[in-house]
Amino acid sequence: MSETITQQALRALVDEWIGAGTKVAGPSYVKKDLCQYVPLTSSAELLLEGFIHPRNSVKDFFFPRHEKIYEYTLKGHEVELADMTPASTPQVIVAARPCDTAAVAILDAVFNWGEKDEFYTQRREAATIVALACVTHDSHCFCTSVGIGPDAEKGADVMLLPLDGGFEVRCLTEKGKTLFAGRTQPSDKTAVIPEGPKVKVSPEQVRAALEDYDNPLWKTATLRCLSCGACSFTCPTCHCFDIVDEGNAHGGCRAKNWDSCQLCMFTKHASGHNPRNVQGQRQRQRTQHKFRIYPDKFGEVLCTGCGNCARNCPVSLGILGTLVELCAEMPKTVGESK
Amino acid sequence: MIEEIRQTCRTLLEAGTVNVVIAYGQSNPDGPVHPIFVTKPDDVEKIVWNKQCFANLTTYLTRKEVKSLGKAAILVKGCDARSLVVLVQESQVERSDVHVIGLACEGVGEPELAGKCRVCEVHMPVGVDVTIGSTEAAAPEGQNRYALVDEFMKKSPEERMAFWKQEFERCVRCYACRGVCPLCYCNQCIVDKNRPVVIDTSATLKGNFAWNITRAFHLAGRCVSCGECTRVCPAGIDLRMLNASLAQSAEKHFNYRAGMDPETPPVIGTYNAEDKENFIR
Ligand code: SF4
Ligand code: SF4
Ligand code: SF4
Ligand code: SF4
């Protein structure tokens, strides 16, 4: 037994949410060949099939690329400060890939670590995430290597699984139940999701390989890296930001902007010294953070195997290739699962 | 052709003429083609040449990580050879320091040929040390290389502004466009200047306009239309239109096209007392 919804009924429901003033976002073709998660003005824009992974990630809706923290106004010699209220408009993210929803659950830890990040948390509390299970994958996907998969429920409030032109609906949380209450039909069928990508790498083995901090691989395997932010900014789990002041003689704001450990300015000191002065060191940092530092601190790897870092990389580098190369050098005894 | 490419590279490495060959490789046969750096003669077998060889490898000639490997040989298509000309003219690369292997190219992109290849005039690269392969491919007769811009300029200023707002809105300031561009070689990019800040780093419409317009201006009369920035932008922004419009101006007003001829002085670096503008006198 299962609960189901037809595609038509789902679209009608999405339109209802939009009509009720909820911010709804989901995958859509914003132009030819460019599928992104974007705010939707109608369910007609929503993609429910025929895409692998949007070029961006759902972190955009919790941790936007630019966020004002406060504004300031200069009045003579006085400075007036105005706090920004974190957005708490209800939002629904619909048709999010499981590797994206899992990422949100992973990010909760860091944004609530010590100080609560009010901006992130409020958006998160006001959001309901409706995941869409994957029936296809591409060569960049490796979710199954990091403990999730094409129908992984982590971070999702509802899971939609393609079934006979519609979806099986699994409501996983109270929020999810409320969203779909009375909208589903019982059915005697259940969705069967094809197996995901084969396991390509083992996080334990990566973790062990990362102990060798001065591995020469960082110099050779990452030579082609161009030091941009395409991987980090489209990655659902990368979450570094920079605090900047922007304005003019009359006023301005303090803002939190996305930043990337791959950009040369990331670690540049005011003195001019840069502890990560060459690209290999920056690549090592990104991998260390995801597979050693974050797991040591928060108990899980900071990567959901979505493959976006490779899809968006100008030179098709991406983390997976590096992980595979790292492990290829390891003695066979450390984890056989490769 | 691939055997000849590999053999040429092998000979160069074996003879010690160069320490590294900057080439195209493929981690697996169905996977994407990407730049590789070959330092051992036997590794030349990893070199590939096919319709997916989009990258303009000359961008690596100014990168310190690559320079530290020693003297380089590089594979260039005709369009890439143009950026090398500009790099040499701008004193970023000493021409005699690089061994340039030109590849006869009928165009990249499959099944559809890349836009730049459909109007390409340099199927046989110029100014190289050796050319491998040959092709009869030529630019279509009477083509307008700025057709895209001309078409766009028929729109009203409001429509054009609306278009750019929509495009720049998506910019996440990842700087992949800058990273891939052979002519964005500055040690410190203007957008990285923060004492004081020159260009807002915020990915707001204001910051994004400032960034993309400034980058385009810094490439005026220099951009060789290799199309790499447009290809790599994760936000799918049509950067080529900006570059093409400035290239069109350089051609129209100064009869200059970047990287076409090593002997023609660069338009940005030339003083001409006969210039029609008065301020120069
Ligand atoms: S790995 Fe690719 S996307 Fe990431 S910084 Fe390097 S070139 Fe940019
Ligand atoms: S590191 Fe790459 S594969 Fe892992 S979550 Fe980020 S973008 Fe996805
Ligand atoms: S590559 Fe695209 S998104 Fe990235 S900075 Fe350049 S224009 Fe913006
Ligand atoms: S601006 Fe773009 S098209 Fe022009 S040279 Fe640079 S990467 Fe190539």
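A quick note: this is a predicted structure, and the numbers were derived from the prediction, not measured. Numbered from 1 within each chain, the chains take letters A, B, ... in sequence-line order.
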Engineer: ring-ring contact (aromatic ring centres under 6.0 Å, His included) with B/Y24: which residues, sequence neighbours excluded?
Structural biologist: none

Engineer: With a 4.5 angstrom heavy-atom cut-off, is it the side chain or the backbone of B/T59 that approaches chain A, or both, or neither?
Structural biologist: side chain

Engineer: I'd like to know whether NE2 of A/H273 has more than 12 heavy-atom contacts from other residues, nucleotides or ligands below 6.0 angstrom.
Structural biologist: yes

Engineer: Does B/K51, at its NZ atom, have more than 12 non-hydrogen atoms belonging to other residues, nucleotides or ligands within less than 6.0 Å?
Structural biologist: yes

Engineer: Give, as side chain, backbone, both or neither, the part of A/T234 having an atom under 4.5 angstrom from any heavy atom of chain B.
Structural biologist: side chain

Engineer: Does CG in B/N187 sit with more than 12 non-hydrogen atoms of other residues, nucleotides or ligands closer than 6.0 Å?
Structural biologist: no

Engineer: Tell me whether the count of non-hydrogen atoms from other residues, nucleotides or ligands lying under 6.0 Å of NZ in A/K219 goes above 12.
Structural biologist: no

Engineer: Pick whichever of B/G179, B/P234, B/S27 has the most heavy-atom pairs under 4.5 Å with chain A.
Structural biologist: B/P234

Engineer: For chain A, find which of B/N194, B/L69, B/V172, B/L57 contributes the most heavy-atom pairs closer than 4.5 angstrom.
Structural biologist: B/V172

Engineer: Distance from A/L34 atom CG to B/R170 atom CZ, nearest 0.5 Å?
Structural biologist: 5.5 Å

Engineer: Hey, does the side chain of B/Y60 reach the backbone of A/R224 with a donor-acceptor pair shorter than 3.5 angstrom?
Structural biologist: yes

Engineer: Measure B/C171 against the heavy atoms of chain A and call it side chain, backbone, both or neither at under 4.5 Å.
Structural biologist: backbone

Engineer: Heavy-atom distance under 4.5 Å to chain A: side chain of B/N28, backbone, both or neither?
Structural biologist: neither

Engineer: With a 4.5 angstrom heavy-atom cut-off, which part of B/A203 approaches chain A: side chain, backbone, both or neither?
Structural biologist: both

Engineer: Which atoms of B/R63 come close to chain A, meaning under 4.5 Å heavy atom to heavy atom: side chain ones, backbone ones, both, or neither?
Structural biologist: side chain

Engineer: With a cut-off of 6.0 Å (strictly less than), are more than 12 heavy atoms of other residues, nucleotides or ligands near CD of B/E159?
Structural biologist: yes

Engineer: So which residues of residues 29-40 of chain B are in contact with chain A at a heavy-atom cut-off of under 4.5 Å?
Structural biologist: B/P32, B/V33, B/H34, B/P35, B/F37

Engineer: Checking side-chain contact (heavy atoms from CB on, under 4.5 Å) for the pair A/N312/B/V232: CA distance, chi angles, key distance, verdict?
Structural biologist: CA-CA 7 Å; A/N312 286 294; B/V232 305; over 6 Å; no

Engineer: For B/K165, does the NZ atom sit with more than 12 other heavy atoms under 6.0 Å from it, leaving out its own atoms?
Structural biologist: no

Engineer: Please state whether the side chain, the backbone, both or neither of B/C189 comes within less than 4.5 Å of a heavy atom of chain A.
Structural biologist: neither

Engineer: Indicate whether any N or O donor in one side chain lies under 3.5 Å from an N or O acceptor in the other, for A/H66 and B/T204.
Structural biologist: no

Engineer: Can you tell me how far the SG atom of B/C184 sits from the CG atom of A/L226, to the nearest 0.5 Å?
Structural biologist: 11.5 Å

Engineer: Please check: side-chain N/O of B/E65 versus main-chain N/O of A/V278, any donor-acceptor pairing under 3.5 Å?
Structural biologist: no

Engineer: Given heavy-atom pairs under 4.5 angstrom as the criterion, report whether the side chain, backbone, both or neither of B/E167 touches chain A.
Structural biologist: side chain

Engineer: Pick one of side chain, backbone, both or neither for B/I22, based on which atoms fall under 4.5 Å of a heavy atom in chain A.
Structural biologist: neither

